[in-house]
Amino acid sequence: MQITTTVNGREYTQDVEPRLLLVHFLRDHLGLTGTHWGCDTSNCGACVVWLDGTPVKACTVLAVMADGCEVRTVEGLETESGLDPIQQGFVECHGLQCGFCTPAMLMTGRWLLDHDPDPSEQTIREAISGQVCRCTGYENIVRSIRWAAEHGSGAPTAVAEADESAVPGQRSAAEEVRA
């Protein structure tokens, strides 16, 4: 099948097998190896990317499902002025650890801050609960996200502003990230 998708602002058109997972499309076809492939069962959460602005585990999404969609990976976080505050927070607070979960934690943290610029520690822990960090008790990751919130997490995006008028009963930002 031929798909066309925009990844980190660049459009790609490629032929793919219908059963190809998005994580393999990103890594093997596009060379974007920042998205990690860990378990193939969505348990570890190392493969989180954004699909049309929503965090998804790329090991549970077929590449053909991204046809016509916008995908954002960790490679798309850096801004023209340098590191995104979430990236800088991981540097400042030693949230990097071994690095295996880091790209997905960065994507989840950035999404959370776009939707809740001043999250509590509990909200952060809830948001990252869909990802496994094999190194720590998550302390430095939580500190890193809080650092970003306190040091210029950025204005909410249009997507975040739209969520504020969400229909009652819709999932919270933290619930959406864990899904």
Side-chain angles (χ1 to χ4, degrees), residues 7-9 22-23 26-27 30-39 41-60 70-161 163-164 171-179:
V7 181
N8 299 327
L22 182 58
V23 66
L26 295 169
R27 292 179 61 81
L30 303 185
L32 298 172
T33 57
T35 302
H36 291 166
W37 174 44
C39 66
T41 61
S42 81
N43 288 323
C44 75
C47 62
V48 171
V49 299
W50 297 357
L51 183 63
D52 284 340
T54 301
V56 298
K57 293 178 180 177
C59 75
T60 62
E70 188 168 325
V71 177
R72 187 169 181 200
T73 69
V74 69
E75 289 91 348
L77 280 181
E78 190 172 6
T79 66
E80 288 181 19
S81 60
L83 294 178
D84 182 280
I86 193 73
Q87 292 171 305
Q88 191 63 44
F90 272 67
V91 171
E92 298 294 329
C93 299
H94 309 289
L96 300 168
Q97 307 299 313
C98 81
F100 193 75
C101 73
T102 302
M105 291 289 190
L106 288 169
M107 295 305 293
T108 300
R110 173 75 271 148
W111 190 89
L112 175 63
L113 293 176
D114 283 350
H115 292 77
D116 182 352
D118 189 25
S120 68
E121 179 179 331
Q122 180 59 36
T123 300
I124 294 169
R125 287 183 181 281
E126 191 176 327
I128 64 173
S129 67
Q131 292 149 285
V132 174
C133 174
R134 298 172 182 156
C135 297
T136 72
Y138 302 86
E139 289 300 316
N140 290 344
I141 294 168
V142 172
R143 280 191 208 114
S144 299
I145 296 171
R146 280 297 316 146
W147 187 96
E150 294 165 5
H151 293 88
S153 65
T157 63
V159 172
E161 291 167 3
D163 279 357
E164 290 175 9
R171 289 191 274 195
S172 70
E175 291 170 325
E176 190 68 37
V177 172
R178 282 195 324 273

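Because only heavy atoms are used, hydrogens play no part in the values below, and waters and symmetry mates are left out as well, while side chains stay in.
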Chi angles and distances behind the side chain to side chain contact (heavy atoms under 4.5 Å, CB included) call for Met105, Cys133
CA-CA 9 Å; Met105 291 289 190; Cys133 174; 4.3 Å; yes

Any sub-3.5 Å donor-acceptor pair from His36's side-chain atoms to Phe100's backbone N or O?
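Yes, His36 side chain to Phe100 backbone: donor-acceptor pair under 3.5 Å.
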
Working to the nearest 0.5 angstrom, can you tell me the gap between [X] [atom1] and [Y] [atom2]?
| X | Y | atom1 | atom2 | result |
| --- | --- | --- | --- | --- |
| Phe90 | Gln97 | CZ | CD | 9.5 Å |
| Leu106 | Ser144 | CG | OG | 8.5 Å |
| Cys101 | Ile128 | SG | CD1 | 8.0 Å |
| Leu22 | Thr73 | CG | OG1 | 10.0 Å |
| Asn43 | Thr60 | CG | OG1 | 11.0 Å |
| Ile141 | Arg125 | CD1 | CZ | 9.5 Å |

State whether Glu121 and Arg143 are salt-bridged, where the test is any N-O pair (Lys NZ or Arg NE/NH1/NH2 against Asp/Glu carboxylate O) under 4.0 Å.
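Salt bridge: no.
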
Ion pair Asp118/Arg146, N-O distance below 4.0 Å
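Salt bridge between Asp118 and Arg146, a charged N being under 4.0 Å from a carboxylate O: yes.
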
Are a donor atom and an acceptor atom from the side chains of Gln122 and Ser120 found within less than 3.5 Å of each other?
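No, because no side-chain N or O of Gln122 sits under 3.5 Å from a partner of the opposite role on Ser120.
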
Nearest non-hydrogen partners of Trp147 and Cys93, listed with the distance:
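Between these two residues, the closest heavy atoms are CB-SG, 3.7 Å.
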
Checking side-chain contact (heavy atoms from CB on, under 4.5 Å) against Pro103, which of Val49, Leu77, Thr33, Val74 comes through?
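By the side-chain contact (heavy atoms from CB on, under 4.5 Å) criterion, Pro103 pairs with just one of Val49, Leu77, Thr33, Val74: Val74.
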
